[in-house]
Amino acid sequence: MRKSILLAAGLLFSVSSQAQIFDIIKSTVKTKTGVDLDNPSKPKSSTSTTTPTATTATPTKTSAINLGNLTSTQISSGLKEALSIGVTDGVKKLALTDGFLKNEAVKILMPEKLRKIDTTLRSLGMGSLADEGVKLLNRAAEDAVTEAAPIFTKAITSMTITDAKNILLSSDNAATNYLQTKTQSQLFTTFQPKVKASLGKVGADTVWKNLISKYNTFTGQSVTTDLNEYVTTETINGVFKMVADKESGIRNTPAMRTTSILQKVFGAQDGK
């Protein structure tokens, strides 16, 4: 009998404990979700469920710059003026004696496929001849570049900038890159005869024939190169390098905006 009483008491205690635990669970669920497990069809009235709502996307600004007061004509004029100043200033500096030779950014080196000539001549104690060859390549560029200004200027004034705003808001040398893309081939064709004349004028062609001849004699090889094409390309690249530097300066340094149109147009992109 005593065993039966103890067993019954244990069962009652177990049932009671389980009931308490279940009550705790029901209370917690009701608090957190509003669902009454005793009456699951009726959620707690004081708790509201959140229904996801569609959010309206805020248009992203394409630019922080206010160009509303600038016309396409003004932007085009400002870019062309910056390029014109860059060309004029660049050509003026490059046309000076040592304008190419003493400017490491644009100095014309010996053509890559002929640099073995330089090494060989120096090993034979003929370094002065190699130096003279390089100097005269740069002298030819310094002489020829004076003829480049009208060619560049015509290309600038006649170009059509349909994407003027994009160029204005783009990289520091975007206008220069645009100009180079549009005019490189035309410039080369027009400028090459000028370079050829300058190579003859400064004596570079004669020196290089002598230099290559000596190399071929000592090595038994037959090396040739088109110096005219090489110097033409390097001279044009040198001018574009100077123009790009000037454009970057105008974009980033207000003091370099020496005209009202430059101040107005490039002032608009200062906050980009």
Next item on the list: Indicate yes or no for a side-chain donor-acceptor contact from R251 to the backbone of N173 under 3.5 Å, with no hydrogens or angles considered.
Entry: no

Check: CD1 of I75 to CG of L70: how many Å apart, nearest 0.5 Å?
Finding: 5.0 Å

Check: Testing N237, T232, V231 for side chain to side chain contact (heavy atoms under 4.5 Å, CB included) with T235, which one passes?
Finding: V231

Margin query: Closer than 3.5 angstrom, by distance alone: can the side chain of T183 be matched with the main-chain N or O of Q186 as a donor-acceptor pair?
Written below: no

Check: For P150, does its backbone N or O pair with a side-chain atom of T153 as donor and acceptor, under 3.5 Å?
Finding: no

Note to self: Is there a path of hydrophobic side-chain contacts, each under 4.5 Å between heavy atoms, that joins L96 and I85?
What the structure shows: no

Notebook entry, point to check: Between N252 and R257, which heavy-atom pair has the shortest distance, and what is it?
Noted result: N-NH2, 4.3 Å

Next item on the list: Determine the minimum heavy-atom distance between L79 and A175, stating which atoms define it.
Entry: CD2-CB, 4.2 Å

Item checked: Atom of G238, atom of F100 and distance for their closest heavy-atom approach -> CA-CE2, 4.3 Å

Check: OG of S170 to CG of N177: how many Å apart, nearest 0.5 Å?
Finding: 8.5 Å

Checklist line | Short side-chain to backbone donor-acceptor contact, N228 and K196, under 3.5 Å | finding: yes

Next item on the list: Carefully, step by step, assess V134 and I108 under the rule side chain to side chain contact (heavy atoms under 4.5 Å, CB included).
Entry: CA-CA 7 Å; V134 171; I108 300 175; over 6 Å; no

Next item on the list: Say whether F188 and Y178 are linked into one hydrophobic cluster, either directly or through other cluster members, by side-chain heavy-atom distances under 4.5 angstrom.
Entry: yes

Notebook entry, point to check: Got a sec, which pairs hit side chain to side chain donor-acceptor pair (under 3.5 Å) with one end in residues 130-146, sequence neighbours left out?
Noted result: D98-R139, R122-D131, E132-K135, R139-E142, D143-S198, D143-K201

Notebook entry, point to check: So which heavy atom on V106 is nearest to which on G99, and how close?
Noted result: CG2-O, 4.1 Å

Check: Any side-chain heavy atom of W208 sitting closer than 4.5 Å to one from P111?
Finding: yes

Next item on the list: Over all heavy atoms of both residues, which pair between K80 and T157 is shortest? Give the atoms and the distance, please.
Entry: NZ-O, 3.6 Å

Checklist line | N/O donor-acceptor pair under 3.5 Å between S248 side chain and A244 backbone | finding: no

Check: So, does E229 use its side chain to make a donor-acceptor pair with the main chain of D226 at under 3.5 Å?
Finding: no

Checklist line | Beyond-backbone contact of D205 with L227, side-chain heavy atoms, under 4.5 angstrom | finding: no

Notebook entry, point to check: In Å, rounded to the nearest 0.5 Å, how long is the span from OG1 of T88 to NZ of K93?
Noted result: 12.0 Å

Checklist line | Hydrophobic cluster membership, M242 vs L262, 4.5 Å side-chain cutoff | finding: yes

Item checked: Steps toward salt bridge (charged side-chain N to carboxylate O under 4.0 Å, His left out) verdict (K241, D245) -> CA-CA 6 Å; K241 175 66 172 62; D245 288 347; 2.9 Å; yes

Notebook entry, point to check: Do L101 and K107 come within less than 4.5 Å of each other through their side chains, counting heavy atoms only?
Noted result: yes

Checklist line | Single-linkage hydrophobic cluster M110~I212, side-chain heavy atoms < 4.5 angstrom | finding: yes

Margin query: Minimum heavy-atom separation for F266 and G78, please, with both atom names.
Written below: CE1-O, 3.6 Å

Next item on the list: Kindly compute the distance separating CG (D89) from CD1 (I250), expressed to the nearest 0.5 Å.
Entry: 9.0 Å

Notebook entry, point to check: Can any side-chain N or O of S76 pair as donor or acceptor with the backbone N or O of S72 at less than 3.5 Å?
Noted result: no

Margin query: What's the separation between atom CD in E81 and atom OG1 in T259, rounded to the nearest 0.5 Å?
Written below: 3.5 Å

Check: Between F191 and F152, is the ring centre distance below 6.0 Å?
Finding: no

Next item on the list: Could you tell me the separation between the CG atom of L109 and the CD atom of E234, rounded to the nearest 0.5 Å?
Entry: 7.5 Å

Check: V145, L187: one ILVMFWY side-chain cluster at the under-4.5 Å cut-off?
Finding: yes

